[in-house]
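Below: one structure, written as structure tokens.
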Amino acid sequence: MEGYSVLLVDDEEEVISIIQKKMDWEGMGFRVMGYAHNGLEALEMAEEQQPDVVMTDIKMPYMDGLELSHRLKERYPQIKIVIFSGFDEFEYAKEAIRIEAEEYLLKPVDPAELQKVFGKIRETLDRELDEKRNTARLQEYYLESLPMLQESFYTSLIEGRLSAEQIAKGLTSYQIPLKGPYYLVTILHLSASEADTTADPMLLSVAVKRLAEEQILVRWGGRTLNYLGDIVILTELENVDQMKVYTDYLDEFCRQAKHICNARVTAGIGYPKQSLSELRASWQGARSAVSYRAIYGNTRAINITEIDPGDHADEVWEEKAIQGIIKQLRMGSEDELKRELTGCLQHFPEHGTSLDKYQIFLMELIAELSRIPQANRSDMGQLFGRIQLSESQEELLQELFPVCEQLREEIQGERQNSVRSLVDRVKSYVAEHYSDGTITIEQVCRELAVSAAYFSAVFKKETGQTFGNFLTDYRMEKAVELLLTTEQKTYQIAEELGYTDPNYFSYVFKKKYGSSPARYRKGKEKQ
């Protein structure tokens with residue numbers, strides 16, 4: 001283990017340097033992941049890296065240590081806080097207790113005292129980690145968390161094998177209070193290739209499932225089960241408007257799973273349904289959403305209704321083969337699509353399938369492919385109706401592949417256009433509202449009617465920047481323009497750009513361009 005991570009926060013770099021040098025961090029079981037000069041900078045670093053411990057001064061510009069501690073505890077309750085200050089004031093100490101800080105130390109910090117403090121913190125962190133990773137406890141929990149009848153009932157729901165009468169009877173017999181009005185399936189998929197190779201995959205799955213029950217089920221309710229190698233969550237929603245909030249919550253959960261369990265989890269969120277008999281369609285949507293991790297990356301939540309609103313619910317025969325082709329239509333290359341089609345058609349003679357079954361499959365495949373253009377508001381569906389079900393695989397492939405390739409280009413082109421349109425709308429929004437000092441991702445997402453999880457994924461993929469960095473860069477470009485074309489004072493420019501604190505504006509400007517706004521202006525005037 002490389003040690004628990006520590007983030008040091010103080011506006012005096014000399015203090016940070018002394019603390020780093022005087023302490024044997026590695027010997028204590030810690031590592032300093034970095035340091036920040038103020039609370040705002042520390043909050044950004046914590047959001048990206050999620051340290052185990054934050055050691056912060058109180059008096060700092062832009063955001064003090066108490067406000068930082070309060071926000072960290074609000075967002076990441078597991079983070080341990082150590083506050084050190086040159087002020088021996090009761091009110092500060094009382095506030096530190098209120099936010100559940102581990103310790104309140106006075107400057108100058110005594111190395112021996114600090115070592116004792118971090119020794120206690122390490123014991124606490126070790127104990128918490130053991131509770132989550134202890135092999136014996138996980139094995140015991142795994143055995144105790146599988147009520148056989150309920151597990152079988154949930155599996156039957158997902159597989160669509162129960163009639164309305166059987167569902168009603170099962171809910172009563174197995175004491176399962178599922179009342180809707182909307183039902184939703186979420187798949188938590190663990191990327192085995194990127195997981196810790198030293199961990200037992202079964203125990204890792206149990207750890208993630210337990211974490212899901214502790215966080216997702218406590219907040220949203222629902223049930224969990226293991227199905228086809230994934231963790232499946234059945235959730236009830238009061239209305240479909242909750243989907244965006246739920247998606248964002250799952251997105252944060254995926255990051256928590258990486259930090260706590262060392263597992264890369266993709267949360268695929270299916271279509272909301274108003275009947276338990278339609279739960280299979282929601283599960284199929286969740287499975288499709290998981291497959292999109294090839295585009296949007298893992299360790300995040302992917303909501304199928306935001307990516308592909310068309311609900312492909314009738315895939316009931318040879319689903320794996322058909323889904324493989326559909327996946328390549330949506331995300332694959334021309335060569336990958338051709339290989340998938342060829343392999344699918346070759347499967348039948350290699351396994352001695354009868355001609356009748358082969359032709360039925362082809363009709364099912366063409367029928368399923370013809371539905372995709374309808375869901376995507378395309379007029380290509382009629383092209384599939386003209387394909388002849390030739391007994392020759394070569395002739396069939398010559399007819400089928402060009403149509404599939406044309407559809408692949410159209411689907412991927414439309415999705416890319418949709419993403420670019422979203423990004424363009426964001427840029428337009430920023431151009432109109434950059435002077436609003438309260439602008440947030442949540443505010444932009446409400447305006448665009450998308451979840452923050454989806455927005456963050458596509459915006460970063462398309463622009464290479466987070467929204468926060470893009471907004472800052474845009475404001476800095478405007479700042480340069482105003483410095484060079486007007487005689488406005490720095491505080492006036494700061495206010496026009498949405499910065500309520502002129503000093504913080506100067507701090508951000510200097511961080512970007514290497515000099516203060518005033519010096520930058522003078523330097524350009526001399527040129």
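This structure is a prediction, so every number in the text was calculated from the model and none was measured.
We find the CG-CD distance between Leu497 and Gln492 to be 12.0 Å, quoted to the nearest 0.5 Å. For the atom pair Ile260 CD1 and Arg210 CZ, the distance stands at 12.0 Å (nearest 0.5 Å).
Counting only distance, with no hydrogens or angles, the side chain of Asp52 and the backbone of Ser5 share a donor-acceptor pair below 3.5 Å. Remark: side-chain polar atoms of Asp230 are not paired, donor with acceptor, to backbone N or O of Val232 under 3.5 angstrom. The backbone N or O of Asn417 lies less than 3.5 Å from no partner atom in the side chain of Ser421, so there is not a single donor-acceptor pair. Judged by distance alone, the side chain of Thr56 and the main-chain N or O of Gly65 form no donor-acceptor pair under 3.5 Å. Between the Tyr76 side chain and the Pro51 main chain, no donor and acceptor come within less than 3.5 Å of each other. Remark: side-chain polar atoms of Arg425 are not paired, donor with acceptor, to backbone N or O of Leu422 under 3.5 angstrom. Side-chain N or O atoms of Glu306 include one that pairs as donor or acceptor with a backbone N or O of Ser451 at under 3.5 Å. Side-chain N or O atoms of Ser17 include none that pairs as donor or acceptor with a backbone N or O of Glu13 at under 3.5 Å. Asn38 contributes no side-chain N or O that, together with a main-chain N or O of Met63, makes up a donor-acceptor pair within less than 3.5 Å. Under the 3.5 Å distance criterion, the side-chain polar atoms of Asn239 are matched with a main-chain donor or acceptor of Gln242.
Residues Ser85 and Tyr104 meet the side-chain proximity criterion, which asks for heavy atoms closer than 4.5 Å. The shortest distance between side-chain heavy atoms of Val54 and Ser69 does not fall below 4.5 Å. Considering only heavy atoms from C-beta on, Leu483 comes within 4.5 Å of Phe509 through its side chain. Counting heavy atoms from C-beta outward, Tyr454 and Ile307 have side chains that approach closer than 4.5 Å. Taking 4.5 Å as the limit, some side-chain heavy atom of Gln50 sits within range of a side-chain heavy atom of Gln78. Side-chain atoms of His70 and Arg98, non-hydrogen and from C-beta on, do get closer than 4.5 Å to each other. For the pair Arg521 and Thr486, the minimum side-chain heavy-atom distance is below 4.5 Å. Looking at Leu125 and Val53, their side chains come closer than 4.5 Å, going by heavy atoms from C-beta outward.
Ring orientation note: the planes of Tyr434 and Tyr474 are tilted relative to one another, at an angle of 30° to 60°. Taking the six-membered ring where tryptophan is involved, the planes of Tyr520 and Tyr513 are tilted, since the angle between them lies from 30° to 60°. Relative ring orientation between Tyr504 and Tyr507 is described as parallel, the plane-to-plane angle staying below 30° on a 0-90° scale split at 30° and 60°. In this structure, Tyr249 and Trp220 have perpendicular ring planes: the angle between them is above 60°, well past the 30° mark. Using a 30° and 60° split on the angle between ring planes, Phe459 and Phe470 fall in the perpendicular class, above 60°. The aromatic rings of His433 and Tyr429 sit parallel, their planes meeting at an angle under 30°, below the 60° perpendicular limit.
For the residue pair Thr305 / Asn303, a side-chain donor-acceptor distance below 3.5 Å is found, with atom types taken as modelled.
Pro502 and Ala494 get closest at one heavy-atom pair: CA-CB, 4.0 Å. Contact detail for Gly39 and Met60: the closest heavy-atom pair is N-CE, 3.9 Å. Smallest separation of non-hydrogen atoms from Leu234 and Tyr183: CD1-CB, 4.4 Å. Between Leu190 and Val208, the shortest heavy-atom contact is CD2-CG2, 4.1 Å. Summarising the geometry of Thr490 relative to Ala518, their closest heavy-atom pair is OG1-N, 4.5 Å, with the distance given to 0.1 Å. For the residue pair Val240 and Pro272, the shortest heavy atom distance occurs at CG1-CG, 4.0 Å.
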Going through the distances and angles, do Lys120 and Glu123 end up as a salt bridge (Lys or Arg N to Asp or Glu O under 4.0 Å)? CA-CA 5 Å; Lys120 292 179 181 178; Glu123 290 177 3; over 6 Å; no
Passes side-chain contact (heavy atoms from CB on, under 4.5 Å), Arg475 versus Val508? Steps please. CA-CA 10 Å; Arg475 284 171 168 166; Val508 175; over 6 Å; no
Phe118 and Val6: CA distance, side-chain angles, deciding distance, side-chain contact (heavy atoms from CB on, under 4.5 Å) verdict: CA-CA 10 Å; Phe118 273 87; Val6 180; 4.0 Å; yes
Apply salt bridge (Lys or Arg N to Asp or Glu O under 4.0 Å) to residues Arg219 and Glu252 and explain how you reach the verdict. CA-CA 13 Å; Arg219 169 66 176 81; Glu252 176 62 30; over 6 Å; no
side-chain contact (heavy atoms from CB on, under 4.5 Å) between Met23 and Gln115, worked out: CA-CA 8 Å; Met23 303 302 299; Gln115 185 168 352; 4.0 Å; yes
Just do the salt bridge (Lys or Arg N to Asp or Glu O under 4.0 Å) check on Lys244 and Asp248 with the steps written out, would you? CA-CA 6 Å; Lys244 296 184 184 68; Asp248 290 340; over 6 Å; no
Where do Arg122 and Asp126 land on the salt bridge (Lys or Arg N to Asp or Glu O under 4.0 Å) test, with the steps shown first? CA-CA 6 Å; Arg122 180 178 176 180; Asp126 285 344; 3.6 Å; yes
Run Met243 and Ile269 through side-chain contact (heavy atoms from CB on, under 4.5 Å) and show every step you take. CA-CA 9 Å; Met243 287 286 286; Ile269 302 171; 4.0 Å; yes
